[in-house]
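One structure is given here, and the rest of the page talks about it.
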Amino acid sequence: MAGIYICFGNDYANPNRPFKGTSMIELLNTYTVVDIETTGLDSHFDEIIEIAAIQVSNGQEINRFNSLVKPNQEISTFISELTGITNEMVENSPGIDVVLPQFLSFIGTSVLVAHNANFDVNFIYDFTRLLDLPPLKNDFIDTLRLSRRIFPNWDNHKLQTLVNNLNISDTVEHRALSDCVNTHLCFESMKGYISANNLSLDTLWEHYGTMSKRIHAQTDQFDLDSPVYGRVFAFTGTLEKMPRKDAMQLVVNAGGICGDGVTQKTNFLVLGNNDYCKAIKGGKSSKQKKAEKLQIDGYDITTISENVFYDMIGAENLMGGD
DNA sequence: TCTCCTCGAGATCT
DNA sequence: CTCGAGGAGA
């Protein structure tokens, strides 16, 4: 599908991990599944002992990465029993300083998929900083978050539970590559469940915030001279050339701001096809009427047609020129 | 009525 | 971390 990129993440930047990517909910077909095994839960004190990734294209695995990692500290018996990874096994394995650059090269800039993705992403992020590597910026999809939303009645949403309930396997191995395989299958299974049951991300997240809140910029490099930059947009009616949320995406990618309704802060109201309200008195939507009133009252708001909107967004943004 | 915020409860990862 | 509840402000 077209480049819709709905993110349902935090609006505020994480002060401890300023370059960390966004937790997005998007049913992508091309992504990289990642998983790590560690000596414990705390990325400040614990270390990675195994790291794996699976490159997925069109839903299918096309490549995999897998490596044990020798930590500086001893692996506790608790972790050895949990994962099956012993001190002996990692004795001759490379350190994280060797493995992490290879891993980062493998995942590139792809969107990551993981179960409780924040755990893996935070761990990897912190070790990129520790080793003075470029910080992990990849956006990511959390299958934990997705399963909680799709199956709210389940007792829990551990990977083990997903694997069982989705009839993928009986047991989970608690090894990095094995968990990647399971997470891959779980994600594909949930995507299938959504389409098979005529669900969609919009319906699943219908009451979470508002549409405009769910759309985040795909870039942090804005053209400050764009007529869109820093301006507040609202939409009314159905656009002809694209879904409204795609148009909102264009706005925020150009550094603009989207609102759901017309307020005193709105600068532009984009008029789509309003056939549906022909029957309404004056043939104008409530948003259009409100915009006209605000304009009369002296507010900086202009109603524009869909075509004028695309002109404002500008060929320089869509065609990569300057 | 709508938007923005703060806060607390509840999970999941090894 | 995520999400929803409840309050402040318009």
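Here is how names work: the chains are called A, B, and so on, in the same order as the sequence lines, proteins then strands, and each is numbered from 1.
Taking a pair to require two hydrogen-bonding distances under 3.5 Å in either a Watson-Crick or a G-U wobble arrangement, C:dG7 pairs with B:dC4.
Rounding to the nearest 0.5 Å places OG1 of A:Thr32 at 12.0 Å from CZ of A:Phe65.
The distance between atom CD1 of A:Ile51 and atom P of B:dT14, rounded to the nearest whole Å, is 13 Å. When the P atom of B:dC13 is taken as reference, atom CD1 of A:Ile36 falls 13 Å away, rounded to whole Å. When the P atom of B:dT12 is taken as reference, atom CG of A:Leu82 falls 15 Å away, rounded to whole Å. With rounding to whole Å, A:Phe140 atom CZ is found 14 Å from B:dT12 atom C1'. One atom, CG of A:Asn116, and another, P of B:dG10, lie 18 Å apart when rounded to the nearest Å. Note: CG (A:Leu144) to C1' (C:dC1) measures 9 Å, nearest angstrom. The distance from atom CG of A:Asp35 to atom C1' of B:dT14 is 10 Å, rounded to the nearest whole Å. A straight line from CZ of A:Phe119 to P of C:dT2 spans 15 Å, rounded to a whole angstrom.
Contact annotation: A:Lys20 reaches the phosphate of C:dC1 (side-chain N/O to OP1 or OP2, under 4.0 Å). Side-chain N/O atoms of A:Arg149 include one lying less than 4.0 angstrom from OP1 or OP2 on C:dG4. At C:dT2, one or more side-chain N or O atoms of A:Asn118 fall inside 4.0 Å of OP1 or OP2 (strictly under the cut-off). Using a 4.0 Å cut-off, some side-chain N or O of A:Arg145 falls inside it from OP1 or OP2 of C:dC3. For the OP1/OP2 pair of C:dT2 and a distance below 4.0 Å, the side-chain nitrogens and oxygens of A:Ser23 include at least one atom meeting the criterion. Look at A:His157 and you'll find a side-chain N or O under 4.0 angstrom from OP1 or OP2 of B:dT12. Contact annotation: A:His115 side-chain N/O to B:dT12 OP1/OP2 distance is not under 4.0 Å.
Residue A:Ile49 is classed as having no contact, given no heavy-atom separation below 4.0 Å to the nucleic acid. Within the nucleic acid shown, A:Leu41 comes within 4.0 Å of at least one base atom, counting heavy atoms only. Looking at heavy-atom distances under 4.0 Å, A:Thr83 makes contact with sugar-phosphate atoms alone, never a base. The residue A:Asp155 sits apart from the nucleic acid: no heavy atom pair falls under 4.0 Å. Across all strands, A:Asp42 comes closer than 4.0 Å to no nucleic acid atom at all (heavy-atom distances).
In this model, no donor atom of one side chain and acceptor atom of the other lie less than 3.5 Å apart for A:Glu61 and A:Gln55. Looking at A:Asn92 and A:Lys70, their side chains never bring a donor and an acceptor atom within 3.5 Å of each other. At a cut-off of 3.5 Å, with distance as the only test, no side-chain donor of A:Asp142 or A:Ser23 sits close to an acceptor on the other residue. If you check the side chains of A:Ser147 and A:His157, you find no donor sitting under 3.5 Å from an acceptor.
Side chain of A:Asn87 to backbone of A:Glu74: no donor-acceptor contact under 3.5 angstrom is found.
Side-chain atoms of A:Leu159 lie closest to B:dC13 of the nucleotides B:dA11, B:dT14, B:dC13.
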